[in-house]
A.B. asks: 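Below you will find the structure I want to go over with you.
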Amino acid sequence: MRNKRFLMVTHSFLSILLILTFTTRRNDAAAHDDAHKTGGACRGFVVLSNGYAVLSDDSASSAHAPEHASQAAPRKGKAEMHKMGSEMPPKHESMMHKGHDHGGEMSKPSVNRKHLLGYRHGQEITLQNEMLCVPIGSKEAISWTTVSHTPALYIRAESLSDTLAHNSRANESLALTVMHRAQDASQEQPRIRLLVRMPHHDRHMPGGHGLANDPDVKGLKAQLDKDGRYRMQTLDFSMAGAWLLEVQVRQGGSIHRAYFAVDVDEE
Amino acid sequence: MMKGCFTAAFLMLLSLTTPDANAQGVRNVDESKQSVSTSMLWTAEEWAKARRFSPLPPLPASPTNALAENQQAARLGHQLFFDPRLSPNGVACASCHQPERGFTDGLSVANTLSPVHRNSMTILNVGYYRWLTWDGSRDSLWHQAIGPIESSKEMGSSRLYVVRTVMRHYAQGLKRLTTLPNGWDQLWPTLPEFGKPGDPAFDNLPQKHQESVNRVLVTILKAIAAYERKLVSAAAPFDRFVAGDRSALSVAAQRGFQHFLRLQCDTCHTTPLFSDDEFHNLGLPPVPEPDQGRAEGLPRLQRSQFRGSGPYADGAPVVRAEDYRFGKALVGSFRTPSLREVSSTAPYGHNGSLATLEAWLDHYVRVTSSPQDFVGSLDPALFPVTITAQEKRELLSFLHSLSSDYSSEWTLKPATIGAYKSGRKSSP
């Protein structure tokens, strides 16, 4: 009888303990979710589901994420992001080239911000599904790690000179180390293309303007070097400020994208 | 007690109606006579930015021109710059780049033999740029000089005419700078008097002779470039103020600098040159004709045999034209001019369509809110601005403080040189 009572008490105690533990974990997840919704604003560029980027939090250009920052995607949306796959919607590229006029035609400034999906540059943006937060490296940074929707893709970028500056007498150059554990085990050497832009300078050009040597953001091809790294030899940043760099890795018929952001200083 | 209350109330009323002389500076006072310390006007951040604008640093190297720092080359170039004999029409470089006019000509568009479609840029501080001319179709000073020389509208000359003229009058000076091609002394008197690529007189020459002509021409151009590098600003009032002379800048000019930063003019007018040496479309009207700007200039540069990465460069260029690609964003874009010496270089804009600095400021306000007809797309860095009349006055004060007394031995016309033709206003 006594043993029965003991067992019942122990059973009840353990049950209560289990219930409490389960409840706490659920609260933690909920709290975590809440943090992403309310307190988890991205300080950097937010890449939207349509491929365009918004500068989140004006102070992101002056108060930066630590060097080598690699912001993970929020837990809540990760499964949904994986479902998206690695291909961006086809409309992405065509949208990026709109807003330019042919020579000789008249043009008026565009204030159409539909590509920002209701967001505006400078506002605090809490990540939602299919968004990616790209923190802006500090002015002193000389290396960066990308963020991507593709978890198997890891790219490290390094400046081949010094800290990045808008310099009228020299151009910048980067080395990219690409690690992509493709599930299809394709042996094809990846082809790398770099698209560099200032997304928040999109008043007359959706997506923002590009480098001085790639003004329409068509992308610059990286050259594979003997050491296995890819080199971007000429990056002419036309002004100081925050720039978003998109690394496109083309392999086996697929395009995978990874991003990092830099803060270019004045010379 | 009542008396005390009334007194207190009166004093309170008095304090409320008396202007606070310390708030936002002294009002209704002639600022040119203001004796209050002006060093307090700028914040620490503004001072930090000011120090990035001043002083002008030493000239950067010119790796494609081995004669860039050669004094003898500069002296020869000095002569050549003012010499009208380089053109059969009596036009010299100085015809459009007049020292007394900030090395411009004071015209909307250059017009010596016939009007061109662009404003004459100043030669002052030109050694600091990597892209030359409004459309960046030249990537070195020596490369730039060939354009006006062989333009039928500007000097109406040719490389054959120039090399023969220089050999007639400056052979010794040239020989001190370089070893001339083998057999040149025997060759040049036999060359046709006039001719450039596209003319049968030049095209029919043996390839070897064409190459020799080009080699001698390039030496001449590099000597002119060595001279042009001597034309730099002296310390302007803005520079003296930043260096510590607190009386050098009026309160109005100091406020003007603050407006300059607030309006983000330093996005493009940056570095001590007050130019980012980049290309922007500011929506100027398509007069006297629609102008593609950099969109045409870049391909022209890339095709030129005298580009910095070409066979006539003495060293690797700072930037390679081949590394740049055409983009629609370049249409109608032009190189940012320096704001130094801007007081002397009116009218303004690539087409000289803005007669005064006031007109320029008005244009910025107008084009960002209600742009008129222009070529291409407006620069993405531009945003709507409003400038009050007071702010405009102060901005102008600041801009004028960037001009210096740039005169030196190098700005004087050599005594041995005869008169040259000057530009004239275009017919309406």
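Everything numeric here is computed off the predicted structure, so don't read it as measured data. Each chain gets a letter, A, B and so on, in the order its sequence line appears, and its residues count up from 1.
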A.B. asks: Below 4.5 Å from any heavy atom of chain A, which atoms of B/Arg52 appear? Answer side chain, backbone, both or neither.
C.D. replies: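 Just the side chain, heavy atoms under 4.5 Å.
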A.B. asks: Between B/Phe279 and chain A, which part of the residue has a heavy atom less than 4.5 Å away: side chain, backbone, both or neither?
C.D. replies: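 Neither part.
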A.B. asks: I'd like to verify something: which residue of B/Leu298, B/Asn281, B/Thr270, B/Leu330 has the highest number of heavy-atom pairs under 4.5 Å with chain A?
C.D. replies: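 Most pairs with chain A among the choices: B/Thr270.
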A.B. asks: What about A/His166 and A/Phe237, are their ring centers closer than 6.0 Å?
C.D. replies: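 No, the ring of A/His166 stays outside the 6.0 Å limit from the ring of A/Phe237, centre to centre.
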A.B. asks: Assess the pair A/Trp243 and A/Phe260: is the distance between their ring centroids shorter than 6.0 Å?
C.D. replies: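 No, they do not, as the ring centres are separated by 6.0 Å or more.
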A.B. asks: With a 6.0 Å cut-off on ring centres, are B/Phe241 and B/Trp42 close enough?
C.D. replies: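 Yes; B/Trp42 has its ring centre under 6.0 Å from that of B/Phe241.
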A.B. asks: Under 4.5 Å, counting heavy-atom pairs only, tell me which of A/His209, A/Met239, A/Glu266 racks up the most with chain B.
C.D. replies: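 Option with the top pair count is A/Glu266.
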A.B. asks: Measure from the ring center of B/His143 to the ring center of B/Tyr312 and say whether it is less than 6.0 Å.
C.D. replies: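 For B/His143 and B/Tyr312, the ring centres are not under 6.0 Å apart.
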A.B. asks: Given a strict heavy-atom distance threshold of 4.5 Å, which part of A/Ser238 is in contact with chain B: side chain, backbone, both, or neither?
C.D. replies: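 Both backbone and side chain of A/Ser238 come within 4.5 Å of chain B.
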A.B. asks: Can you confirm whether the side chains of A/Gln248 and A/Glu246 place a donor and an acceptor under 3.5 Å from each other?
C.D. replies: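 There is such a pair between these side chains.
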